Amino acid sequence: MLYITILIPKFMYRSRLKGKLDESTLEFLSSISDDFEIVLYDILGSQAHTLMLLENKIITKPEAAKILTALEKLKKKNLSKKSDAEDIHELIESLVIKKAGKEAGGKMHTARSRNDQITLDIRMKIRDDINTVCFCLNEIIGTLITLAEKYHRVVMPLYTHLQQAQVGLFSHFLLAYTDALFRDLDRFYVAYGRVNESPLGAGAVGGTSIPIDRQVTAKMLGFKGLIENSIDATTSRDFAAEYLGDAAILMTNLSRLAEDLIIWSSSEFSFIELSDKFTSTSSVMPQKKNPDVLELIRGRTAQVIGYHVAVLSNLKGLPSGYNRDLQQIKISIWPTSKIIISSLLVINSIFKTMKVNEKKLRQAIDSGYSISLDIAENLVRKGIPFRVAHGIVGQLVQIASTSRKKLSDLSVSEVNRVISNNEISAKDLHKIIQSTTPESSLESRRSQGSSGKHEQQRMIADRKGKIRAYTVGTTKRTNEVRAALEGLNSKVKALIKGRP
Ligand code: ARG
């Protein structure tokens, strides 16, 4: 534990100002307690900057070595929150100066500013978080596709207005969420390109007269390029707003998914059973098995939406250039990442461990009238206009439901009551009702993207290929960042070799 208070020169930046900040004002201003998520990024950024200063002969080799040694030491230190520094940038610089001396350490901040530093750190953090989120999404999509393969013959009712609508397949439901999550994955995947641009070297707002090389630092830190315009680089946080927007949409999808699973795991539905591992019980009612984990996904979605709105509201009225309001966006980003990553992990486990009650799903179909549209379509095939067929089946359902019968239990004479214009004989209608089963319906449903059996198989194969492409892409990106940072590390190690 390092107690900074006594170690650092107090209020390092305040030479222009008379007097120091009182304690409560410092606490009000400070972002230090929010900055610990970015300590490592700040150190890496400082190391890349130092190496670039050396390569461009702005500082000497011994100076660079001293700075880098100090920075390397800080990687291993647990920086205490007890500090007079306003933020992590001030804290790290003051500690470098303390260790490397003012002559060398005082040169680290040449040709940069906290304004390019902070947005660099946030970009590096979001970049890593996006890769993690993409991996988690790859995982859960993979799970959904595997389950879709397993359940591609399991019939279930599909709902509109939470009333039985059509006969469907469990795989169809799983594939519906697969596709929604694919869009989420793609949103993050594409946003990565806009995050992965280096702002370092933009300086305070207008750049610098010192002959720095921004491309070099960008490359050392694994960025694809620069966020070029120095005003834009230091002012803009749309990359963060985009990340949070993508997160809010993802959570909205997960929350809806959680809601489906909550309803289906109720004793009234019992379509699925959640594993005991992912349920809670009651302190008072011993019989309870509650889907608290899913409820928390629904609940935390509200927070993530709130964080997104907070950032947009923060940004919308700011003048160009850095403003301290921007400090506040960090506290929306860190918890958002935690929530989305943990939600994806837990939902994946829930899917992997839940049981699907095929019998109950079948019973729900058999006791309802979700086969109605299929019967109507079979009448259409016989040349009856759809509106007439709709009328016939509607009346059949009315007769069956008043006498609490299944459609297939209606007699020929009951069926006869709904035929008014000899569109079809009662016998033929009766035969069509008898022969229209969930299986026959799902066999004959062919429209693209439908519950039809063939469509399930086609979509499963198609989505399998698609997920592979994202997995390869995300792995490549992660490796590129890792390789760059390993390269940076080797350069640092080579320079500081043998130094205490
Ligand atoms: N703590 C600040 C933040 O998180 C860092 C940048 C401060 N820059 C400044 N000019 N005051 O945004």
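In this text, all values refer to a predicted model and were calculated from it rather than measured experimentally. Just follow the structure's listing: the first ligand is 1, and inside any ligand the first atom is 1. Just so you know, these numbers use all the heavy atoms, side chains as well, and skip hydrogens, waters and symmetry mates.
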Checking the side chain of Ser236 only, and the main-chain atoms of Ala233 only, is there a donor and an acceptor separated by less than 3.5 Å? no
Quiz prompt | Residues Asp462, Lys466: salt bridge by 4.0 Å N-O rule | solution = no
May I ask you to decide whether Lys491 forms a salt bridge with Glu55, counting only side-chain N to carboxylate O separations under 4.0 Å?
yes
Under 4.0 Å from ligand 1, residues with heavy atoms, in chain and number order, are Ser31, Asp87, His89, Arg114, Asn115, Ile118, Tyr322, Arg324, Gln327, Lys330
* To do: Report yes if some heavy atom in the side chain of Gln327 is under 4.5 Å from a heavy atom in the side chain of Tyr322; otherwise report no.
  => yes
Within the 6.0 Å centroid threshold, strictly below: Tyr243 and Phe239: no
- So, for Phe170 and Phe173, is the gap between ring centers shorter than 6.0 Å? yes
